[in-house]
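Remember, it's a predicted structure, so these values are computed and weren't measured experimentally. All residue numbers refer to positions in the sequence shown, counting from 1. Start at 1 and go down the list; that is how both ligands and their atoms are numbered.
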Amino acid sequence: MPPQPASTQSTRTAPDRERTAERLLASSAKLSFNPLKDVDWDADPVPGAYYCPPRHLSLYGTDLWERMTDEERIELSKHEVASIASVGIWFEEILMQMLLRHAFDRDPTSNHVQYALTEIADECRHSIMFARMIAKMGVPAYGAGFVAHNLGRLFKAISTHSQTFGGTMYVEEILDAFQREVMNDDTLQPLTRQVSRIHVIEEARHISYAREELVRKRLGPVRRRYEQLFIGLIVYYATTALIHPRLYAAVGVDPKTGRAVARANPHWRATKVEMAQKVVSVLDRAGLVGRTNRWLLRAAGVLA
Ligand SMILES: [Fe+2]
Ligand SMILES: [Fe+2]
């Protein structure tokens, strides 16, 4: 649908949309964070502690894993967390632009647009927080890889409503599932636990905003297939980008070998299925999983 002038859009703002945004704005006013102050950036890492649960590492349970020392396993956890965080930044930068496009054509006095702007501000702080965490760990910001990075360049400029909110929900939900475990596990590094906690709390609001937007859109059968295909591509590229193969070199594993071993690793596949389970069923209920994209979800390793 072509963009409508703000005056026309304002009269169409549904009451339930406004109620949701009003609730989310009130919740943001009550509990939001400033990661520059709310994370203890000066603390040293705890010796012997993992950065995320080892069972969620891409090489966990493989022969390669069995041959690694404890130090190498912890080092791998640091690099994998950093890789996931850098993919988080990649997607948050995409999301900030998509939300700005969403706000651009709508009435700025509505709660709905004001919440979109609040979410952009949250994401901006999150990206700084993730960047700072990666720098503090002393590891590279691996990024999403050349293809996903450049597809993101296009996607953030042309995504439709269903792709914006479907893609957002997907990435936010898989990160949420991962980070909930990290924040609740007191054997892990305090730094990743603090960062995860802030992200989980603020993302809960983003997820409900995206979920409600997603189901508001009614799709005809042809349009549905088109949206499914794009959602499938987002799922595929966002999931396969999570672990950059270059990081395996940090623990003495050849990147190509590491990638192949991870790809064939049933534990890693089970982790991905587990992380994506909830969001895939939400996308399914919204009509965004079907014949057109099931093969992409399987290729991404998030559908058993
Ligand atoms: Fe975020
Ligand atoms: Fe978010």
request  = Assess the pair His161 and Phe165: is the distance between their ring centroids shorter than 6.0 Å?
outcome  = yes
key: Short N-O contact, Arg125 and Glu202, less than 4.0 angstrom   = yes
ask   = Under 4.0 Å between a Lys/Arg side-chain N and an Asp/Glu carboxylate O for Glu227 and Arg224?
value = no
message = What count do you get for protein N, O or S atoms closer to the Fe ion (ligand 1) than 2.8 Å?
response = 5
query = Heavy-atom distance under 4.5 Å between the side chains of Tyr236 and Asn293, does that happen here?
reply = no
NZ/NE/NH1/NH2 to OD/OE distance under 4.0 Å, Asp176 and Arg180 = yes
message = Using a strict threshold of under 4.0 Å (side-chain N to carboxylate O), is an ion pair present between Arg216 and Glu213?
response = yes
